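Taking it in order: structure first as structure tokens, then the write-up.
Given the structure is predicted, the values throughout are model-derived calculations rather than measurements.
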Amino acid sequence: MSTFLFDEFEPISAAAWKQKIQVDLKGEDYNKTLLWKTDEGIIVKPFYTKEDRTNTQINLPEKGFNICQTIFIDNEKIANSLALDALKRGANAIQFKASKKFDYHKVLNNVNLNSTTTYFQFTFLDADFQIELSNFCNSKNSFFQTDIIGNLAESGNWFVSLKGDYKKLETIVHSAENCISVSGDLYQNAGATITQQLAYTLAHANEYLNYFGKDIGPKVHFTFSAGSNYFFEIAKLRAFRILWETLLNEYDIKNNETHIFSQPSLRNKTLYDYNVNMLRTTSESMSGILGGSNTISNVSYDAIYHKSNEFGERIARNQLLILQQESYLQEAQKFADGAYYIEAITQQLAENALTLFKQIEKAGGFLHQLKAGIIQKKINESALKEEDNFKNKNIVLLGTNLLQNKNDQMKSDLELYPFVKQRNIKTLLIPINRKRLSENQEKERLSQENA
């Protein structure tokens, strides 16, 4: 075909569209009526055109996302059985979580480490064990989600001490690949804005670059959580790739692939009307896919109050399979390229986050501000603002602060404590707590169930 279908139509400028809208508003103020200012300070317009395109080149994954099953290692044989079953049922990645050393020969028995992407997240720091496990896996597809700074931020303490943790990590770095993870998901689940999440994650990662130097760059990977702001969450992941590449360029690190592991957030998940959580995790997983995540591990609808169970995990995995196989999102990592709206907010988020990052670095860096309590204070301010919006129903969680089912009873169904736990331990700094939006209201409803 020599001519395009729409060649016979005259092009219409953004100014012409705006003029037409103002006529249709019949005297109403365009700015007050149709423009929306987000908590990120971004003005969202009612329409976008090619004039809003930034044409920024983002280095996205060459292949589509991995479907990951998360497994906690309590018993090695059971963990291995669960892993093999998940791989047989559609997963092609496994995240193993452990609180102590384990027999990795048993856990990884019959797992093809060349075709399966594996992640290891430990709540302990043991250099010798991690190096042994890395040598056993001997695969570029194995990632260790070791984050000593993230542990300090969340627990308020080092594993051992500042010098002790860095010494152990240095030993690991010299002997293992993909050995440092940056926990950007912590800031999202604690209530940080998207701009804060991006800036804090970047500044957090920069602490490792400052300490270890440029050679550590290819060994760093990232964990993010996706919230319910669909398009902004897509833009967040794309913006971070721009930011990380920009920072690596300053260290003269070229051609580095940014590896992102993402999950749906727990911040907006609810105890009551819990089936709505499946809708939330579906859209949040889509944000992760379209944002260009390398791997996505879904969260089961009952994860906040039930122990891991076959039904919940199967549903969570099948949600990703439906998105991948039946919704044609198998190779969707570049679908957002050229979308005017997404490109515009991606650029604005990246610019805002870079400004905040520079402020952090100028003030002494991330660790300095973390120890001073400044990072915690800023996140807490954002979280309280979000909680006020929830109370005032500017943020709606269906079945919780809108259209409650008064007959919903949950007290007898709790296998896990679904709220922030109070810890009576001495800490070096104020910890950053993951907290769900609906916790206070749910505590009140639980107390009234048998009243």
Test Lys406 against Gln404 for side chain to side chain donor-acceptor pair (under 3.5 Å), laying out the working first. CA-CA 6 Å; Lys406 299 298 183 182; Gln404 289 184 6; 3.1 Å; yes
What's the verdict on side chain to side chain donor-acceptor pair (under 3.5 Å) for Thr193 and Thr195, showing C-alpha distance, side-chain angles and the deciding distance? CA-CA 5 Å; Thr193 66; Thr195 299; 4.8 Å; no
Between the main-chain N or O of [Y] and the side-chain N or O of [X], is there a donor-acceptor pair closer than 3.5 Å?
X: Asn401; Y: Phe390; answer: yes
X: Asn178; Y: Ser142; answer: yes
X: Gln324; Y: Leu329; answer: no
X: Lys435; Y: Arg267; answer: no

Side chain to side chain donor-acceptor pair (under 3.5 Å), that's the test. Do Ser438 and Thr270 meet it? Break it down for me. CA-CA 7 Å; Ser438 56; Thr270 57; 5.7 Å; no
Side-chain polar contacts of residues 367-377 - donor-acceptor pairs under 3.5 angstrom, sequence neighbours left out - could you list them?
residue : atom : partner : partner atom : Å
Gln376  : NE2  : Leu370  : O            : 3.0
Gln376  : NE2  : Ile430  : O            : 2.7

Sequence neighbours left out, cut at 3.5 Å: what donor-acceptor pairs do the side chains of residues 31-38 make with other protein atoms?
residue : atom : partner : partner atom : Å
Thr33   : OG1  : Asp29   : O            : 2.6
Thr38   : OG1  : Glu40   : N            : 3.1
Thr38   : OG1  : Ile42   : N            : 3.3

Check the side chains of [Y] and [X] for a donor-acceptor pair under 3.5 angstrom, ignoring hydrogens and angles.
X: Ser155; Y: Asn157; answer: no
X: Tyr211; Y: Asn206; answer: no
X: Thr258; Y: Glu245; answer: no
X: Ser297; Y: Thr70; answer: yes
X: Gln347; Y: Glu343; answer: no
X: Glu284; Y: Asn268; answer: yes
X: Lys378; Y: Gln196; answer: no
X: Asn405; Y: Asp273; answer: no

Are the side chains of Phe96 and Tyr119 in touch, meaning some heavy atoms are under 4.5 Å apart? no
Got Ile67 and Ile296 here, is their nearest side-chain heavy-atom distance under 4.5 Å? no
Sequence neighbours excluded, the answer for side chain to side chain contact (heavy atoms under 4.5 Å, CB included) partners of Ile253 is Leu209, Lys214, Leu248, Tyr251, Asn256
For Ser181, give me all partners under side chain to side chain contact (heavy atoms under 4.5 Å, CB included), at least two apart in sequence or on another chain. Gln145, His221, Thr223
Any chance you could lay out the ring-ring contact (aromatic ring centres under 6.0 Å, His included) test for Phe261 and Phe222, step after step, and finish with the verdict? CA-CA 6 Å; Phe261 177 98; Phe222 301 88; over 10 Å; no
Nearest 0.5 Å, please: how far is [atom2] in [Y] from [atom1] in [X]?
X: Asn66; Y: Thr117; atom1: CG; atom2: OG1; value: 4.0 Å
X: Leu186; Y: His204; atom1: CG; atom2: NE2; value: 8.5 Å
X: Leu237; Y: Gln333; atom1: CG; atom2: CD; value: 13.0 Å
X: Arg314; Y: Asp85; atom1: CZ; atom2: CG; value: 10.5 Å
X: Trp17; Y: Phe47; atom1: CH2; atom2: CZ; value: 8.5 Å
X: Leu321; Y: Gln319; atom1: CG; atom2: CD; value: 10.5 Å

Between Glu310 and Arg89, is the salt bridge (Lys or Arg N to Asp or Glu O under 4.0 Å) condition met? List the steps. CA-CA 12 Å; Glu310 196 277 335; Arg89 294 183 180 216; 3.3 Å; yes
Quiz item: cation-pi between [X] and [Y], 6.0 Å / 45°:
X: Lys45; Y: Tyr48; result: yes
X: Lys168; Y: Phe159; result: no
X: Arg445; Y: Tyr272; result: yes

Passes side chain to side chain donor-acceptor pair (under 3.5 Å), Gln188 versus Ser265? Steps please. CA-CA 7 Å; Gln188 196 284 334; Ser265 170; 2.7 Å; yes
Compute the centroid of each ring, for Phe232 and then for Tyr230, and state whether the two points are separated by less than 6.0 Å. no
Please verify the inter-ring angle class for Trp244 with Phe240; under 30° counts as parallel, over 60° as perpendicular, anything in between as tilted. parallel
Among Ser287, Ser262, Ser285, which one satisfies side-chain hydrogen bond (donor to acceptor under 3.5 Å, both in side chains) with Ser293? Ser262
Stepwise salt bridge (Lys or Arg N to Asp or Glu O under 4.0 Å) check, Glu62 with Lys334: CA-CA 9 Å; Glu62 288 303 316; Lys334 298 181 182 180; 3.7 Å; yes
Salt bridge (Lys or Arg N to Asp or Glu O under 4.0 Å) pairs touching residues 185-194, sequence neighbours excluded, are Asp185-Arg434
Which pairs with one or both residues in residues 279-325 pass ring-ring contact (aromatic ring centres under 6.0 Å, His included), sequence neighbours excluded? Tyr274-Tyr301, Tyr274-Tyr305
